[in-house]
Asker: 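Can you read through this structure? Questions will come right after.
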Amino acid sequence: MASSRRQYPFHLIEPKWQQTWEQQQAFRAFNPGDTVPVGHPFGVRHNLSGKVADRQLLPPKFYILDMFPYPSGAGLHVGHPEGYTATDILARYRRACGFNVLHPMGWDSFGLPAEQYAVKTGQHPRVTTEANIANFTRQIKSLGFSYDWSRELATTDVEYFKWTQWIFLKLYNSYFDHSSNIKKAMPMALLQDALSDSPTQQNEWSKSEVLVNLRKIIFEAAPEIRNKVRRFTEDQFRLAYVSEAPVNWSPDLGTVLSNEEVEEWTAKGHTVIRKPMRQWMLRITAYAEKLLADLDTIDWSDSLKEMQRNWIGRSEGAEVKFQISNSESQMTVFTTRPDTLFGATYMVLSPEHKLVGEITTAGQKQAVEDYKKFASGKSDLERTELAKEKSGVFTGAFAINPVNGEKIPIWIADYVLASYGTGAIMAVPAHDTRDFEFAQKFQLPIVQVVQPNDPKTNWQGFTDDGVAVNSGFITGLPTPKAKGKISAWLEEKGLGKKTINYKLRDWLFSRQRYWGEPFPIIWKKDAAGNLYHEALPESSLPLLPPSLEDYKPTPSGEPPLARAKDWLHLPDGSVRETNTMPQWAGSCWYYLRYLDAKNSAAFVGQEVESYWMGSEESEKRKAESGKTETTPGVDLYVGGTEHAVLHLLYARFWHKVLFDLGLVSTAEPFYKLVNQGLILGEDGQKMSKSRGNVVNPDDVLVEYGADAFRLYEMFMGPLQDTKPWNTRGVEGVYRFLGRVWRLFVDENSETEFEQAETVTTKEQSNQELLNLIRLNASIKDVAATPAQLKTLHACIKKVTEDLDGMRFNTAISAMMVFVNDAITWETKPLVVLRDFLILLQPFAPHLAEELWGKLNLQPSTFNLQHPMTLAYAVWPKFDAALLVESEMEIPVQVNGKFRDTIKVAVDADNAMIEAAAKASEKVQQFIAGKAIKKVILVPKRMVNLIVG
RNA sequence: GCCGGUGUGGCGAAAUGGCAGACGCACAGGACUUAAAAUCCUGGGACCGUAAAACGUCGUGUGGGUUCGAGUCCCACCACCGGCACCA
């Protein structure tokens with residue numbers, strides 16, 4: 001675009017105010033116990049200047065958080081500042097309303113790109129990371145966000161990941177106690193005490209049925225193997241444990257991925273295969289129920305909650321035992337439809353199922369082995385592609401259906417997953433789509449046991465509720481009752497029990513990478529030569545990664561950390577864990593570190609944590625006022641939907657563990673969460689380098705300034721919506737800011753300023769130049785007219801309400817309406833413009849500050865306090881009395897069709913309004929000569945005349 | 001297939017069940033200017049009609065329904081976006 005005359009000198013104003021705020025530390029948030037420096041605007045506003053901010057003296061808190069970015073080499077994208085602008089506006093609004101606002105920013109700086117660059121060039125990832133952080137910082141600061149930079153953190157900071165490792169140790173040293181009276185994470189030491197030869201905390205662990213039972217089991221074991229059993233048992237319970245299960249291994253990335261990550265990387269063209277490996281896991285499944293139930297206590301969008309619910313995938317059903325014919329063994333299946341048991345015509349084990357080897361007959365052995373090989377060789381991609389085509393083989397064995405004694409064949413097929421339920425199913429082809437397809441392909445019998453309620457519906461493949469048929473003692477019962485009756489019967493006979501299953505799997509927590517947090521774990525061998533793991537003591541943290549020359553995995557496929565022999569081997573012969581933690585680890589708790597970012601004694605101070613997370617306060621307020629002024633947890637968290645299940649589920653899990661251990665005061669981390677929508681390119685397509693439609697914020701800033709950029713990001717449409725970028729739209733809001741400027745300044749002085757600017761010397765400061773701008777002569781220190789007050793207060797009302805509802809676009813339009821009107825006023829009262837600037841400040845803070853400074857140079861008879869920055873000026877309250885009209889316009893309809901508006905006095909009674917409506921000329925045309933059958937009159941709203 | 005969301009001018013959008021299209025973009029006309037840019041003013045859903053207007057008819061994805069009155073509520077369907085997807 002051709003560079004045209006600037007609407008206003010944002011290029012001088014914006015750096016000026018950014019420097020001023022930084023010098024004043026204007027947006028520093030004060031913790032309880034902090035001393036507020038003399039003259040700090042927060043202190044001036046709240047009468048805390050030079051005082052210790054005692055918790056009782058501090059105003060209510062408001063914690064408003066952005067999802068911190070990964071500082072990529074590409075720099076900021078216009079999508080980042082969308083959420084950041086929204087939160088900044090609200091942070092500034094809350095500050096003006098008198099809250100103690102915490103609004104921090106930091107860096108999710110571990111990550112693969114820096115490591116890949118290191119592999120290629122040998123440059124340490126820290127160097128790349130620091131350069132990227134510097135660039136992101138510059139870009140973010142140029143937008144004038146009111147972050148408290150004193151709390152800045154990066155997950156790669158040694159002082160930060162020390163505590164990430166510390167939390168890992170908490171997980172490692174905890175177990176989840178499922179006892180019905182406990183149901184929470186407890187210290188491993190308690191479990192160990194319960195299993196020890198000479199327990200000291202019997203009072204404590206005797207409350208736990210789980211521990212009491214475990215102790216019994218341990219002491220049933222032979223003494224010589226008892227220690228091994230103990231270790232094994234501990235690992236069965238730890239929240240962080242080692243598993244040998246098949247994992248998602250990506251040969252080209254040289255690392256494993258969590259289930260949640262697979263999709264992301266395969267979409268980028270990487271291969272992912274299943275491969276058994278020794279891995280660290282976190283027992284998130286122990287929290288499935290709490291993660292699900294507590295969704296009801298937080299204010300997130302329905303779609304997001306639904307995504308989490310689906311991911312957790314709770315499913316109620318029953319486990320049923322089937323005796324295997326001619327064998328001692330039994331197989332257990334999980335089903336949500338025990339009522340269809342009479343329709344089970346075959347059984348399926350997953351190819352990996354333990355029983356497969358045992359039950360397969362000699363004749364089928366070769367076929368079964370071949371199939372197992374075939375199934376395990378499939379990549380995930382092949383599995384999904386081939387999903388439609390069922391495959392499997394017969395094992396030669398049969399199971400006995402417990403309800404009718406029938407012998408039914410046992411197959412193996414990869415449509416049954418080893419990792420869900422019991423890894424085995426009873427197949428009811430008549431009433432399950434997958435079983436139906438399988439039975440058709442292999443010509444297995446299909447027996448109807450459910451009759452659809454609608455007789456026209458085909459029963460074959462009918463999976464909904466109906467009425468049981470051909471089902472012995474439950475025949476004739478509707479599905480829910482049939483389920484209940486048969487479940488009770490199974491339970492009574494000891495053949496089954498009600499069970500709840502979750503799709504959620506434990507979290508695969510180790511990666512074969514360099515650039516991540518090393519595990520504070522070492523491996524040792526016992527006398528018998530068995531490897532076992534042991535945690536490093538907390539006092540040894542942080543555990544730093546070794547320095548390396550080469551960041552590639554070792555030729556034998558071990559993680560890069562294994563290259564550092566000195567680091568790897570400890571003097572006592574033990575060996576360090578060489579895996580590192582995934583990127584998600586650091587982002588699981590960063591919102592807590594912000595609260596107390598410099599604390600070297602704890603991951604967060606308790607008092608500080610309870611103040612900002614607001615548990616007590618919110619309870620107290622709820623009780624007192626019946627409404628919450630502050631909310632528990634982060635008051636508002638804004639970020640993209642891409643983290644709907646990954647980060648948000650993991651962080652909730654960690655938070656719940658910390659809560660159970662008494663380390664944080666709330667059960668949920670994020671009370672209210674909003675997803676900002678995607679910003680598309682000007683062509684309506686997703687922005688991407690290859691499409692060449694990426695908008696760089698730096699370019700927009702040079703052309704239009706930060707205030708226009710911020711304003712446009714918010715004016716585009718509702719925050720949550722996906723919307724295309726349009727540079728003409730930026731020009732629109734930029735013109736609006738120009739109108740605001742001209743509303744306040746004298747045009748002649750602007751010409752002088754421009755001339756001075758062209759001949760400016762280095763010695764002439766920007767401030768001197770800006771001082772040449774004079775206030776518009778039409779601004780006078782006079783009382784406002786009723787009409788002017790009405791315009792102002794309508795704007796105050798709309799902006800206030802829209803900010804409360806996060807409707808930034810309509811708030812901006814309300815300010816445009818105000819300016820369009822105010823610019824026509826011959827005399828512009830100072831007081832009115834002053835209030836307007838307070839409204840504008842959250843949106844366009846630089847311009848508003850500059851004009852505020854000019855306004856307050858004027859002598860004033862109003863004796864207002866002038867805080868040193870507008871950011872702490874008191875948010876105006878609208879006065880409903882000023883908005884009352886003397887007359888009102890009321891629409892008149894005839895037979896429901898709009899015909900005219902009439903003007904009546906506000907206090908007009910119904911009879912007067914009706915008369916006025918009938919008297920309207922336009923209305924007359926439609927009612928003349930007709931009888932009025934009915935009059936619908938909504939006071940102050942409308943009149944509808946029904947004629948026959 | 002299942003779950004969630006969204007469909008309104010040329011475009012981004014706005015409307016407690018009560019005057020559809022606020023605000024902005026683009027566009028057109030005018031003022032200022034030697035001229036342009038910038039700025040300011042005016043106009044604008046479609047159709048019919050007219051010199052121009054008025055008046056009129058239609059109009060919020062489609063079809064029904066509730067209501068004096070529906071963009072808004074209910075039912076069915078269509079399209080698009082996002083998520084999940086052999087989870088028994």
Asker: When you compare B:U60 with B:U72, how far apart are their C1' atoms, in angstrom units rounded to a whole number?
Answerer: 10 Å
Asker: So which nucleotide does B:G71 pair with, by the Watson-Crick or G-U wobble rule with both distances under 3.5 Å?
Answerer: none
Asker: What contact category does A:Val817 fall into here, base, sugar-phosphate, or nothing, at under 4.0 angstrom with non-hydrogen atoms?
Answerer: sugar-phosphate
Asker: Is A:Arg735 touching bases, backbone alone, or none of the nucleic acid, heavy atoms closer than 4.0 Å?
Answerer: sugar-phosphate
Asker: Between the base of B:C86 and the side chain of A:Lys390, is there any donor-acceptor pair under 3.5 Å?
Answerer: yes
Asker: Any Lys/Arg nitrogen of A:Lys372 or A:Glu352 sitting under 4.0 Å from an Asp/Glu carboxylate oxygen of the other?
Answerer: no
Asker: Between B:A70 and B:C48, how far is it from one P atom to the other, in whole Å?
Answerer: 27 Å
Asker: Does B:C58 have a Watson-Crick or wobble mate here (both distances under 3.5 Å), and if so which one?
Answerer: B:G45
Asker: Less than 4.5 Å apart, any side-chain heavy atom of A:Val449 and any of A:Ser471?
Answerer: yes
Asker: May I have the distance from A:Met816 (atom CE) to B:A13 (atom P), rounded to whole angstrom?
Answerer: 15 Å
Asker: Suppose we define a pair by two distances each less than 3.5 Å, Watson-Crick or G-U wobble; what does B:G1 pair with here?
Answerer: B:C84
Asker: At under 4.0 Å between heavy atoms, what does A:Asp435 touch on the DNA or RNA strands: base, sugar-phosphate, or nothing?
Answerer: nothing
Asker: Counting only Watson-Crick pairs (N1-N3 plus N6-O4 or O6-N4) and G-U wobbles (N1-O2, O6-N3), all under 3.5 Å, who is the partner of B:U39?
Answerer: B:A31
Asker: Name the closest nucleotide to the A:Tyr415 side chain, picking from B:A13, B:C23, B:C86.
Answerer: B:C86
Asker: Separation of A:Glu713 atom CD from B:A13 atom C1', in whole Å?
Answerer: 16 Å
Asker: Is it the case that the base of B:U39 and the side chain of A:Arg739 share a donor-acceptor contact (distance under 3.5 Å, atom types as modelled)?
Answerer: no
Asker: Parallel, tilted or perpendicular: which describes the rings of A:Phe334 and A:Tyr420, with under 30° parallel and over 60° perpendicular?
Answerer: perpendicular
Asker: Respond yes when some side-chain nitrogen or oxygen of A:Asn944 is under 4.0 Å from OP1 or OP2 of B:G18, and no when none is.
Answerer: no
Asker: Could you give the CZ-to-P distance, from A:Phe898 to B:G17, as a whole number of Å?
Answerer: 20 Å
Asker: How many Å lie between OH on A:Tyr734 and P on B:A38, as a whole number?
Answerer: 12 Å
Asker: Using a heavy-atom cut-off of 4.0 Å across all strands, would you classify A:Gly313 as base, sugar-phosphate, or nothing?
Answerer: nothing
Asker: Need one value for A:Thr901: base, sugar-phosphate or nothing, where a base atom within 4.0 Å counts as base even if backbone is also close, heavy atoms only.
Answerer: base
Asker: Taking CE from A:Met942 and P from B:G69, how many angstroms apart are they, rounded to a whole number?
Answerer: 11 Å
Asker: Base, sugar-phosphate, or nothing: which does A:Arg728 touch, judged by heavy atoms less than 4.0 Å apart?
Answerer: sugar-phosphate
Asker: Check whether the ring centres of A:Phe836 and A:Phe818 lie less than 6.0 Å apart, and answer yes or no.
Answerer: yes
Asker: In whole angstrom, give the distance that lies between atom CG of A:Asp432 and atom P of B:C2.
Answerer: 15 Å
Asker: So which nucleotide does B:A79 pair with, by the Watson-Crick or G-U wobble rule with both distances under 3.5 Å?
Answerer: B:U6
Asker: Under 4.0 angstrom, heavy atoms only, what part of the nucleic acid is A:Ser303 near: base, sugar-phosphate, or nothing?
Answerer: sugar-phosphate
Asker: Looking across every strand, which nucleic acid part, if any, lies under 4.0 Å from A:Ile936 by heavy atom: base, sugar-phosphate, or nothing?
Answerer: base
Asker: Using the six-membered ring of A:Trp311, assess whether NZ or CZ of A:Arg505 lies under 6.0 Å from its centre and within 45 degrees of the ring axis.
Answerer: no
Asker: Does A:Gln893 get its side chain close enough to the base of B:G18, under 3.5 Å, for a donor-acceptor pair?
Answerer: yes
Asker: Taking the six-membered ring of A:Phe10, is the NZ or CZ of A:Arg6 close enough (under 6.0 Å from the centre) and on axis enough (within 45°)?
Answerer: yes
Asker: Pick base, sugar-phosphate or nothing for A:Asn820, based on heavy-atom distances below 4.0 Å to the nucleic acid.
Answerer: sugar-phosphate
Asker: Does NZ or CZ of A:Lys390 come closer than 6.0 Å to the centre of the six-membered ring of A:Phe438, within 45° of the ring's axis?
Answerer: no
Asker: Only pairs with both distances under 3.5 Å count, Watson-Crick or wobble alike; so what is the partner of B:A15 in this structure?
Answerer: none
